[in-house]
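Below, each value reflects all heavy atoms present in this structure, side chains not excepted, and no hydrogens, waters or symmetry copies. Residues take their numbers from the sequence shown, with the count starting at 1.
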Amino acid sequence: MNTDQCQEHRMPFSGIDPAVFPCLEADLDRVRDALGPVRIQGRPELDALTQEGPGTSRGLVRPTLALLSYYVLTDPSVPADDQAVRAAAAVELLHLGALYHDDVVDHAHERRGRPSANAVWGEHLAILAGDCVMLTGLNMLAQLGQREVIAGTMANERMCAGMVMEAADLHSASRSEQAYFDAIDGKTAQLFALACRVGAMQANRESGRQDSRQEEREEALAGFGWQFGYAYQLRDDILDLTSTAEELGKPVNTDLSEGVYTLPVIRAASRDRDLGRLLGKELTQEEAARARDLVLASGAVHEAQAMADAHMARATDELSRLVDRANALDGLTAYAQAVLDRPAASRPVSVPRQVRQAPQPQDSTQARQVTQWMKDWLVDTGIAATPAEADHHRLTGSLSMIERVLPRVAEGAPNADGSDDGLFERKRTSAALGTVFAVWDDLFEDPQLTDPQAVTALREGLVATLRQDPGKPWTPGAIPTSWAQLWPRLCKGRTVRWQEALLDNIEDWLHACERETRHRISGYIPSPADWLSLRRSTGGFEVGMACSEIVQDREMPPTVRSHRMVRRLEDLGFFVIFAENDMAGVDQDEADQVPYNLVRAIRHELGCSRAEAIERVERQVAEKRAQFNAVFTYVPVLFRTLPGLSGQGNRYAAIYDMLKLFLDMRQEDSERYQPDTAAEGPDLERLRREISRSAAPAPSTR
């Protein structure tokens with residue numbers, strides 16, 4: 001590639017004179033190409049784990065330093081050779097790997113305007129991804145030569161040591177300035193020095209000789225990078241205190257909140273007792289804002305900026321040892337200064353194109369028809385003795401949610417042949433399953449049920465109903481009659497495997513409901529740590545998935561349901577839906593002594609007020625909801641790459657649209673906890689009595 005070709009590919013770059021470095025942007029594009037995802041052999045759906053990091057909108061500061069250092073010692077008008085490009089990419093990979101770890105340690109759920117790897121994949125996989133990326137970078141350096149990999153290993157070791165030192169000093173009010181500088185030497189300055197060093201190494205290799213003069217040039221450029229790294233980190237710490245989230249494209253004042261006391265904070269605290277009293281513990285948002293104001297008022301930020309300027313001046317002095325290519329040296333300095341002068345260290349990027357959009361609402365006429373059919377069916381089967389009972393808020397609450405969800409999947413669930421034949425019937429079947437399930441749930445939650453033996457009899461009667469011959473219900477009554485009518489509808493078009501799995505899942509749920517009711521009777525309240533597993537066991541999530549599969553007329557393969565990312569999506573969605581449900585129903589749950597309520601569990605364990613417990617749950621819900629949305633954007637990518645879906649990944653992914661819709665609808669609006677009629681609800685004692693008689697067959701041994 002000649003100079004003219006470089007200029008044709010050139011894009012504007014802050015602080016770079018294109019007349020001096022005409023090939024930089026084209027060479028950076030080559031670096032981007034080298035930053036592809038780390039391939040996990042035989043698992044293509046995992047490639048995206050390391051694909052989000054090296055986006056085209058990255059500043060690529062370290063690769064730019066490597067390339068500029070290479071140009072300084074060669075000819076800046078000529079494209080970098082392949083080894084220089086690989087060296088630049090390798091340093092960026094070391095940096096990216098550290099970012100994966102940083103985000104886990106900091107519990108950061110966003111990186112440059114995109115969900116972080118830990119937000120999407122979870123902390124365990126994010127850490128392993130960081131390891132893969134860093135090792136890939138070291139491997140690239142090893143392919144360049146022994147000197148490169150030794151330099152990279154030493155820099156990486158010091159970088160990790162710097163991060164360890166910083167983590168060890170979290171919330172340490174006695175952190176010294178020296179401890180701060182020791183940490184940023186490792187976590188930032190060493191990698192900047194490495195970038196300049198390996199760029200110079202490739203230039204020296206190209207020259208074909210390695211003498212003391214060449215080594216002196218490498219040291220000068222590495223010294224420049226080291227001093228610039230100090231200035232860069234100081235400036236970044238200052239921006240965290242002085243900028244807005246809009247300017248930085250990421251949250252601000254995070255260092256104080258996370259207990260990372262940077263130079264301005266350390267100096268300000270040494271003079272201000274009020275600030276010193278705030279430090280040394282986790283801060284509320286209000287306390288963090290107050291601490292920030294005290295730091296800004298102390299003048300310590302200006303002192304830190306003066307120190308950053310001094311390091312930048314020393315960086316320039318390091319280059320004075322290099323007497324050739326003055327324009328290139330000036331260009332390198334100008335670039336570094338431009339990076340420091342930028343108002344933001346990173347900028348948000350656009351949301352990836354593969355974001356899955358939730359279905360848009362369609363005409364609700366069909367949904368109203370479904371709910372009216374449901375009310376009539378409840379009366380016909382005897383679950384509701386009268387139309388007035390079918391209008392009771394405990395039933396209409398479930399039906400109103402169905403009526404709000406169904407219009408959003410009206411035109412989104414075609415058959416395999418693309419038609420929508422049978423869609424209305426599938427919606428009625430799905431709605432019937434969800435409503436019957438809610439009634440069964442009410443049978444256990446009824447506060448009038450206080451006899452443990454009656455609880456067991458109820459569970460045994462429902463299991464008998466579940467396993468009965470649909471053509472010959474085991475006993476008369478509304479529950480067996482309704483299930484006998486519903487089961488053939490559920491089986492229509494479904495495989496035997498799906499039918500057996502649904503029956504097994506419902507029976508497991510019945511056993512969990514029996515346990516929960518016994519816990520209510522005994523007064524047991526679980527710890528918050530146990531809440532999720534216990535709540536999920538009684539939450540009916542598997543039935544909800546079956547409802548979605550019925551509407552979409554597809555069955556999710558077990559191998560897909562067991563995939564780690566699918567399980568994570570389900571767990572996050574489940575947490576949000578039921579934690580919000582717990583907050584909305586906490587008054588009724590307290591009155592009924594419902595044991596598996598997260599607000600109640602937190603109050604019981606911590607002894608805090610209800611308002612404090614709700615605030616804790618709200619924070620958890622906000623965090624889990626953000627993570628769910630991040631994972632949900634990845635669903636199309638996952639389902640396109642998973643084997644066994646016969647090229648129908650998007651249609652299988654649509655099964656999870658209903659889960660997304662439930663999350664997007666405010667649980668506080670649920671009528672199940674907001675009575676709006678004076679009607680008496682279904683006679684739960686009558687329904688229990690009908691299936692709890694001694695005529696019940698022997699209970700299941702499950």
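When all heavy atoms of V260 and L170 are compared, the pair lying nearest together is CG2-CD2, 3.4 Å. In this structure, L141 and G152 approach most closely via the heavy-atom pair CD1-CA, 3.7 Å. Heavy-atom minimum distance, Y261 versus Y180: O-CD1, 4.2 Å. When every heavy atom of L569 is checked against every heavy atom of F628, the shortest pair comes out as CD1-CE1, 3.3 Å. Minimum heavy-atom separation, A151 to R197: CB-CD, 4.1 Å. Residues V621 and A579 approach most closely at CG2-CB, 3.6 Å, considering heavy atoms.
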Test side-chain contact (heavy atoms from CB on, under 4.5 Å) applied to H95 and L99, step by step:
CA-CA 6 Å; H95 169 59; L99 292 184; 3.6 Å; yes
Would you sort out whether K281 and E287 count as a salt bridge (Lys or Arg N to Asp or Glu O under 4.0 Å), showing the intermediate values?
CA-CA 11 Å; K281 61 182 178 66; E287 290 172 331; 3.2 Å; yes
Dump the intermediate steps for side-chain contact (heavy atoms from CB on, under 4.5 Å) on H311 and L340, then the final yes or no.
CA-CA 12 Å; H311 277 287; L340 296 178; over 6 Å; no
Apply side-chain contact (heavy atoms from CB on, under 4.5 Å) to the pair L332 and Y71, showing each step before the final yes or no.
CA-CA 10 Å; L332 174 57; Y71 296 144; over 6 Å; no
For Y70 and D27, what are the C-alpha separation, side-chain angles and deciding distance, and is it a side chain to side chain donor-acceptor pair (under 3.5 Å)?
CA-CA 12 Å; Y70 171 85; D27 286 342; over 6 Å; no
Audit row: L35, L60, side-chain contact (heavy atoms from CB on, under 4.5 Å) steps and yes/no:
CA-CA 11 Å; L35 292 174; L60 297 177; 4.2 Å; yes
Pairs under 3.5 angstrom only: tabulate donor-acceptor contacts from the side chains of residues 122-132 to other protein residues two or more places apart or in another chain.
| unit_1 | atom_1 | unit_2 | atom_2 | d |
| --- | --- | --- | --- | --- |
| E123 | OE2 | H107 | ND1 | 3.4 |
| D131 | OD1 | H101 | NE2 | 3.0 |

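Interatomic distance, D317 CG to F224 CZ, rounded to the nearest 0.5 Å: 11.5 Å. Rounding to the nearest 0.5 angstrom, the gap separating the CD1 atom in I16 from the CD atom in E25 is 8.5 Å. In this structure, L278 CG and T284 OG1 are separated by 8.5 Å, a value rounded to the nearest 0.5 Å. L28 contributes atom CG, which lies 11.0 Å from atom CG of D33 (distance to the nearest 0.5 angstrom). Atom CE of residue M165 and atom CZ of residue R158 lie 11.0 Å apart, to the nearest 0.5 angstrom.
With sequence neighbours left out, R619 forms a side-chain hydrogen bond (donor to acceptor under 3.5 Å, both in side chains) with E615. With sequence neighbours excluded, no residue forms a side-chain hydrogen bond (donor to acceptor under 3.5 Å, both in side chains) with S320. Annotation: side-chain hydrogen bond (donor to acceptor under 3.5 Å, both in side chains) contacts of S176 (sequence neighbours excluded): none. With sequence neighbours excluded, the residues forming a side-chain hydrogen bond (donor to acceptor under 3.5 Å, both in side chains) with R271 are E303, listed by chain and number. The ring-ring contact (aromatic ring centres under 6.0 Å, His included) test applied to F192 returns F228, Y232, not counting sequence neighbours. Evaluation of the side-chain contact (heavy atoms from CB on, under 4.5 Å) rule for N629 yields R625, K660 as partners, not counting sequence neighbours. Residues satisfying the side-chain contact (heavy atoms from CB on, under 4.5 Å) criterion with S270, sequence neighbours excluded, are absent altogether.
Annotation: side-chain hydrogen bond (donor to acceptor under 3.5 Å, both in side chains) contacts involving residues 290-302, sequence neighbours excluded, are absent. Residue pairs that meet the ring pair (Phe, Tyr, Trp, His ring centres under 6.0 Å) test with at least one member in residues 148-174, sequence neighbours left out, do not exist here. A salt bridge (Lys or Arg N to Asp or Glu O under 4.0 Å) check over residues 169-184, counting only residues at least two apart or in different chains, returns the pairs D169-R175, E177-R267. Applying the salt bridge (Lys or Arg N to Asp or Glu O under 4.0 Å) test to pairs two or more places apart or on separate chains, those with a residue in residues 71-84 are R30-D82.
Q627 and R568 share a donor-acceptor pair across their side chains, judged by distance under 3.5 Å alone.
Of the possible donor and acceptor atoms, one in the side chain of R205 sits under 3.5 Å from a partner among the backbone N and O of L144. Between the side chain of S257 and the main chain of N253, a donor-acceptor pair closer than 3.5 Å is present. One N or O on the side chain of D240 and one on the backbone of T254 form a donor-acceptor pair closer than 3.5 Å. Looking at E318, its side chain never comes within 3.5 Å of a backbone N or O of R314 through a donor-acceptor pair.
Side-chain contact between I184 and L263: absent, with no pair of heavy atoms (C-beta onward) separated by less than 4.5 Å.
Between E218 and R147 there is a salt bridge, with a side-chain nitrogen of the basic residue lying less than 4.0 Å from a carboxylate oxygen of the acidic one. A salt bridge does not link R86 with E148: none of the charged nitrogens is closer than 4.0 Å to a carboxylate oxygen.
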